[in-house]
Amino acid sequence: MVYYPAHFDRRPPGNYVYKAVRNDDARRRRFLLRIAFVVVAFGALFLASCSSDLPQSSLNPRSTEAESIDRLWDFILILGTAVFVVVGGALAYAVIRFRKRPGNEAEPKQIHGNTRLEIGWTIIPVVLVVIIAVPTLTTLFDLRSPAEGDFVRVDVIGHQWWWEFQYPDILDENGRPLTTANEMHIPAGMTSELTMTSADVIHSFWVPSLAGKRDVVPGRDTVIKITPDADIAGQMVPGQCAEYCGLAHADMRFRVFVDSEADFETWAAGQLEAAPVPTTGAAAAGYDTYTQFCTTCHQAKVATADGTVEIIGAALGPDLTHFGGRTSIAAGLEENTAEHLAAWIDDPSSIKPMSPELNDIEAGRIMGMPDYGLDEQQIQELVALLETWK
Ligand code: CUA
């Protein structure tokens with residue numbers, strides 16, 4: 001027996017046994033359900049896009065580069081919408097105008113080929129593709145061209161699961177570049193050129209409202225330019241790793257602080273200073289704990305009371321010299337408060353999924369911050385120390 005789907009209206013020729021269960025009510029209900037689903041799904045998406053509380057949006061561009069990408073997007077969206085309206089309109093017209101009407105059982109006129117139409121629907125898309133290709137390529141080449149004039153160079157290094165930022169032209173008295181983590185400062189109204197690589201796996205650097213996405217690949221340099229709008233000086237723009245890189249990929253965030261030029265200079269000068277080694281109180285006790293545990297992975301430039309400046313610790317995790325001056329901890333995951341920091345030191349993996357048991361210090365491979373089992377007092381002393389390192 002041959003079954004035909006319910007919508008197969010016309011009895012096929014020949015001696016087939018034709019059987020179709022037609023249940024108009026059920027069909028209509030299914031159709032309405034589908035329509036309702038589409039309306040709700042698209043409605044939710046549409047409403048979500050109206051929220052102004054989405055700082056990571058490329059539709060809210062705040063740099064020369066992001067604005068050029070956004071312009072291209074707008075242009076293609078408008079063109080695509082026009083094509084959709086024309087094609088969808090023609091389709092709807094044909095479906096309604098030439099639909100099968102009751103009582104009309106005649107076969108439509110059978111035709112084959114229409115040279116004019118075929119040439120038309122070959123040439124028009126080609127022209128449209130060319131119209132899209134020209135601004136697309138211009139934008140791409142613009143974005144990839146080297147920065148010109150005065151610009152700030154930043155070296156970005158992706159790590160599982162945090163970001164290191166070095167400024168190769170901003171050096172301290174010993175030629176050590178400004179080094180910080182998870183919070184990058186760049187001046188407004190001026191180009192910063194980021195040269196990026198990875199210490200382990202592939203990451204992707206993405207600050208949606210400042211620049212396009214670019215992969216951060218071990219053994220390779222990729223470059224991205226950011227010229228923040230002059231009028232956003234003083235704003236923080238959040239970013240995010242955009243390439244799946246293991247356990248804490250979603251928590252591999254960072255913050256870009258767009259400073260006025262003067263603020264940027266002040267910040268940079270401050271970052272080159274050494275952190276004071278405390279001599280009294282909880283912070284001094286914290287420093288003992290610090291040199292016992294934290295230096296295994298974290299580097300800091302410290303100045304003792306007699307003025308000796310030295311670099312302590314291994315540079316495997318974020319540089320902590322100016323930890324207290326950062327607004328966030330755990331790669332942009334939480335605000336930098338004493339409570340958050342204490343909870344983090346107490347049990348880091350409960351806050352951010354990591355695999356510190358896989359750490360191989362010898363090989364320089366770090367997969368997360370370990371829980372050293374410090375007691376409450378040691379933790380509080382460490383917090384006291386780190387929060388003074390502004
Ligand atoms: Cu790094 Cu995802």
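Just follow the structure's listing: the first ligand is 1, and inside any ligand the first atom is 1.
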query: Mind checking whether atom 1 (Cu) of ligand 1 has an N, O or S of S204 under 2.8 Å?
result: no
- prompt: What's the SG-atom 1 (Cu) of ligand 1-SG angle here (C241, C245), rounded to 10 degrees?
  reply: 120°
field: Closest H249 atom to atom 2 (Cu) of ligand 1 [N, O or S only]
entry: ND1
message: Measuring only between side-chain heavy atoms, which start at C-beta, is W206 closer than 4.5 Å to C241?
response: no
query: With atom 1 (Cu) of ligand 1 as the point of reference, which N/O/S atom of H203 is the closest?
result: ND1
- request: Using distance alone, with no hydrogens and no angle criterion, decide if E183 and T327 have a side-chain donor and acceptor under 3.5 Å apart.
  value: yes
task: Give the atom name of whichever N/O/S atom in E243 sits closest to atom 2 (Cu) of ligand 1.
output: O
- prompt: Around R144, counting heavy atoms of other residues, nucleotides and ligands shown, do more than 12 lie under 6.0 Å from its CZ?
  reply: no
query: So do L320 and Y290 actually touch side chain to side chain, heavy atoms under 4.5 Å?
result: yes
Electrostatic pair K352:D347 at N-O distance under 4.0 angstrom: no
